[in-house]
Amino acid sequence: MNQALRNPLTYFLFLLPALVLFIAFFIYPVIVAIYYSFTNWNGFANYKFIGFDNYIRVMSKADFWASVKNNGFFILFSCFIQVPLIIFFSLLISNVKRLRGLYKTAVFMPSVMSTAVIGILWGFIYDPDVGLLNKILGVFGIDPIMWLSDEKWAMIAILITNAWQWTGFYIVMVLAAILSIPKELDEAAMIDGATGIQRALKITVPLIMPIVSVVIMLSIAGAMKAADIIIVMTKGGPAGSTDVMTTYMMKHSIASFKYGYGYSISVLIFIFTLLITLAYQFLIARRAERIEY
Amino acid sequence: MKKGLVLLTTLLFIATTALTGCGGGAKESGSSNGTTTPQTETKTETSSEPFELKLRHTQVGESKKNRFNILQDVVKTTEGEIAGLSVKLDGVESEVNRKEKLRAEMTNGDPPDIFDAFGSPDVKLYAENGLVADIAPILDELGIKDQFLSHTQWEKDGKIYGLPVGASIEGYFYNKEYFEKNKIEIPKTLAELDAIAEKVKKDGKIPFAIASKDAWVPLMTTNNLWTYYAGADVTKGFAKGESKWNDPKMIEAFAKHADWLKKGYFKQGELGLEYATQRNQIINEEAIMMYDGSWATSVFADKAQSGKMHGKVGFFMMPPLNAGDGYSIMFDSNNGYAFSQKAIDDPKKREAIKAFIKNLYNEEMQLRGLKEDGVIPSMKIEQAKLNETVKGNDLLEAILAQMGDVKYTWPAFDALVQADVNTALSQQIQKMISGQATPQQVGDEVQKVQDEANAAQ
Amino acid sequence: MVKLLKKSVNHIFLLGYLLIILFPFLFVLFSSVKTDNGAISSNPFGIPTEFAWDNYVKAWVNANIGGYFWNSLWISTVATIATLIIGSLASFAITRMRYNKLSFVTFQFILLGLLIPGNALLLPIYGILKQLDWLNTPMALLLPYTASAIPFTVIILAAFMRSIPSEIEEAAVIDGLRAPGIFTRVVMPLSVPALVTVFIVNFMSNWNEFLLANYFLSDDTWRTLPVGMVGFRDAYNTNYAQMSAGIVYSVVPVMVIYAFLQEKIIEGLTAGGVKG
């Protein structure tokens, strides 16, 4: 028995491709990024080591912190607005029998489209003169809003677009978890006279917490790497008000010939992601996972 | 244990070689997937030895179709002259090409054979790193070296690293009918321009069309303003540390721009609008004046694009502070084509590039560019021929005529400052537009980056 | 009666949500056959009075959707399958082969990948591809796409494979199968639900990917759909009608595929994923 599954050659060959790719595209780049982040490399010629200069410069820039804050908005928006909506709609869909298939199909639909196309589509919807949204607001007598060109609205406009794309994807995940809850639990509570809302809050929601925790983790990961939608919709504008760390990095590395500086931002993104993930794991996820069926 | 270790090392060796073999195979299968494109066909060896030249251009979209036609004709002629040559055209939007694509390709050491570029500071920097070819020898061979008005932006140490396609000036396009109907005269001082803007604003129209998603668009106006307040030569001094962005005169210029913003002279929501939409504000008569480059004339000369405004648009230069001070305008030939060093090193490609230069940079094409596209020639051409060509095109005639009144000319700021200063200024001007930065802050913040950039030189 | 009312409240909310999802599509569809921006602006919600079908002709010519679509399709598919093969080999070794300590360490090591945000590594990966001379070739996307999905794939597949009872493979061993045989004939067939899930998730993220595709490929030949569409938008952004036609082109094939496979996609996404 053990002989068949204890073959070093096979074991090694099976693991090798994954490890090679993983090291080449995860570990090695991190090391490279750290190395160059201490230099003044401009992308072409020689460079010299300048210690922590890049880091000090980045950290002293208000614009950089504004971009960090925008990553924060992404996280807060997903955790406190998107996640409750996801739970709410999943519960609604699980409660109806008719049209359930239609709802499931439709809500998932935006997730199969590419983010770039969605960005273009919503850019059109947000157009101040021609776009759909201002036309609808106009029906209610609300003045046109300069969605993507007003720094008060641009970030919200992007967050809404992002939510439009991904909410359905998570609903489908949560819905599957709800539907896999044993019927007996719910029926017992019904006999005890609990109302629909009580049952949802007391029984269903606690039971789906593990998957909700996964959804939050995925949202945080998504929030930390959001960049495509911003590049497509606003290029970080107006006046950098929608820049996230990644777009800030692109703007200040390739376009300005400051690769060393750009690499130091890479490293900071990595550190921030690490901190947030660890904080989430220790503070929240541990508690949520303790609840078992 | 020891046996296992030996085995492991052997395996590692075998596995690595196997893996590299695998990688090569995948690469091959990758390109075989492209058999649908003509690119792979040219790779097959035949007696006529076909070869390919990659040409990156920025003539994409409706408004640049005339210029694209010219380019296509030049390419066709060149392909006819050089046996086996096929030119592959790759169009990318100008700002994306300049700031992202080309800069990434350059650091990668692999630019297209022929590419649209900006002479200064871009091409000069690439040249320092040996990526762009010196074409002075080719120009000598063709005998056209001294036929250009100026290639200063493309020159370094007597070498020429590219050729401007045309020259351009910047100024105000305006609705002639509206000016006549409301008895508005062409302004002779900045104060008069102010008064016109105020009048237009009161009339319920937008004085100045604008689209500032890309910051260079509003910066055209700011740039002209600061040359009036701080002098035509001030921009040259920034990179040398001789002048400062937060000089009181500069702040005055920024403040002027901010003042116009505050008074609502520009289209609202400008920061979300793409440059290509700016002229639409003139065409749909929403706005009355538009600060733009002379290249925009092609739009107003084309009935399909300009609609009702066809032939009804005039041009004047931004007037000086005091009457009689003399006009100071942007006049430059910083945009054109440059050629990769690698391509020049290949004798066949060099031959093809030489033919391309010959076919694009000649009197006929320059005049055609002027006539069809409103591009001011970058080569020396007799005034009589120019006048002949623009006859019937009021707008072009007006532009050419006014160029005679100019006292000071200067290149746009982006040709004179380092790339990261440009990035900083772009960010700050957009902040000023959205009300997040005062003129003083704009000057101070940009100067900070300027100091850093100068120190790094 | 009350129950009926409650049910319809559910439906009202859900139909509202449905409207938010579907209305933008309708808006684009209507806009794509309107003559110009003016026609869209004056009649944003309605069906156009005169149909401008030539928007579709122009968009097809100008946007080169066909070529970009094909590039996206094969690059995404190849990278996804490569991840699946490499990831399942590793997962099998980690969960089913008898090297528990080594496997534990390897697994934790790969888990690290989840903490590394791909976008932050864009610049160094760019540098690596440059050294390998792979920029501007499909390899510039195939390799990073394949690699970036490995941590996620291994985690899901390993979790699933762990849950396969060991009696099954003991029987296989008695039948004389060795590790590769157990992998291909026993474990892989049993892991199909998880494989489907991983395939869908990875395919979607490759299909969507914009940032790397935008920076790593500058040649038009290999441009993928997201990048191609944005280029098209940049060039024709004044003409919303034509742009809408372009959007319709890029969306319809995906919708058709989704319509046929939606049951599989949604079931697949949840079958392996939720349990894993």
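The analysis underlying the following values was restricted to heavy atoms, covering all of them including side chains, and did not include hydrogens, waters or symmetry mates. So that the names make sense, note that chain A is the first sequence line, chain B the second, and so on, each numbered from 1.
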Between the CG atom in B:Asp420 and the NE2 atom in A:His252, the distance rounded to the nearest 0.5 Å is 9.5 Å
Rounded distance [0.5 Å steps], CZ in A:Phe257 versus OG1 in B:Thr107: 7.5 Å
The interface call for A:Lys258 against chain B, heavy-atom contacts under 4.5 Å, is side chain
Contact class of B:Lys431 relative to chain A, heavy atoms under 4.5 angstrom: both
Output for pair (B:Thr277 OG1, A:Asp127 CG), nearest 0.5 Å, gives 8.5 Å
With side-chain contact (heavy atoms from CB on, under 4.5 Å) as the test, would you mind laying out the steps for A:Lys251 and B:Gln427 before giving the verdict? CA-CA 10 Å; A:Lys251 208 180 273 181; B:Gln427 178 94 340; 3.9 Å; yes
Heavy-atom count around A:Trp164 CH2 within 6.0 Å, excluding the residue itself: above 12? yes
Relative to chain A, which segment of B:Asn422 carries a heavy atom at a distance below 4.5 Å: side chain, backbone, both, or neither? neither
Listed by residue number, which members of residues 62-80 of chain A have a heavy atom under 4.5 Å from any heavy atom of chain B? A:Asp63
Can you say whether B:Leu125 sits under 4.5 Å from chain A via the side chain, the backbone, both, or neither, judging by heavy atoms? side chain
Tell me which donor-acceptor pairs under 3.5 Å the side chains of residues 133-142 of chain A have, and how far apart each pair is, sequence neighbours excluded?
{"unit_1": "A:Asn134", "atom_1": "OD1", "unit_2": "A:Ile145", "atom_2": "N", "d": "3.1"}
{"unit_1": "A:Asn134", "atom_1": "OD1", "unit_2": "A:Trp147", "atom_2": "NE1", "d": "3.1"}
{"unit_1": "A:Asn134", "atom_1": "ND2", "unit_2": "A:Pro128", "atom_2": "O", "d": "3.1"}
{"unit_1": "A:Asn134", "atom_1": "ND2", "unit_2": "A:Ile145", "atom_2": "O", "d": "2.9"}
{"unit_1": "A:Lys135", "atom_1": "NZ", "unit_2": "C:Ser41", "atom_2": "O", "d": "2.9"}
{"unit_1": "A:Lys135", "atom_1": "NZ", "unit_2": "C:Ser41", "atom_2": "OG", "d": "3.1"}

Report which part of B:Met106 has an atom under 4.5 Å of a heavy atom belonging to chain A: side chain, backbone, both, or neither. both
State plainly whether the residues A:Arg57 and B:Glu452 are in salt-bridge range, i.e. N to O under 4.0 Å. yes
Which pairs, with at least one residue in residues 11-30 of chain A and sequence neighbours excluded, count as a side chain to side chain donor-acceptor pair (under 3.5 Å)? A:Tyr11-C:Ser103
Is chain A contacted by the side chain of B:Ile433, its backbone, both, or neither, given a heavy-atom distance below 4.5 Å? neither
Residue B:Lys267 excluded, over 12 heavy atoms near NZ under 6.0 Å: yes
So what's closer than 4.5 Å to chain B heavy atoms on A:Met233: side chain, backbone, both or neither? backbone
Who passes salt bridge (charged side-chain N to carboxylate O under 4.0 Å, His left out) against B:Lys159, sequence neighbours left out? none
Is the backbone N or O of B:Gly269 less than 3.5 Å from a side-chain atom of A:Ser149, with the two atoms forming a donor-acceptor pair by type? yes
What do you reckon, is CZ of A:Phe49 surrounded by more than 12 foreign heavy atoms closer than 6.0 Å? yes
Is B:Glu100 in contact with chain A via its backbone, its side chain, both, or neither, using a 4.5 Å heavy-atom distance? backbone
More than 12 heavy atoms of other residues, nucleotides or ligands under 6.0 Å from CD of B:Gln268: yes or no? no
When the 4.5 angstrom heavy-atom criterion is applied to A:Tyr259 and chain B, the contacting part is side chain
From CD (B:Gln418) to OG (A:Ser256), nearest 0.5 Å: 11.0 Å
Is chain B contacted by the side chain of A:Lys61, its backbone, both, or neither, given a heavy-atom distance below 4.5 Å? side chain
Please find the pair of heavy atoms, one from A:Glu151 and one from B:Ser434, that lie closest to each other, and give the distance. OE1-CB, 3.3 Å
Rounded to the nearest 0.5 Å, how far does CG of B:Leu271 lie from NZ of A:Lys235? 12.5 Å
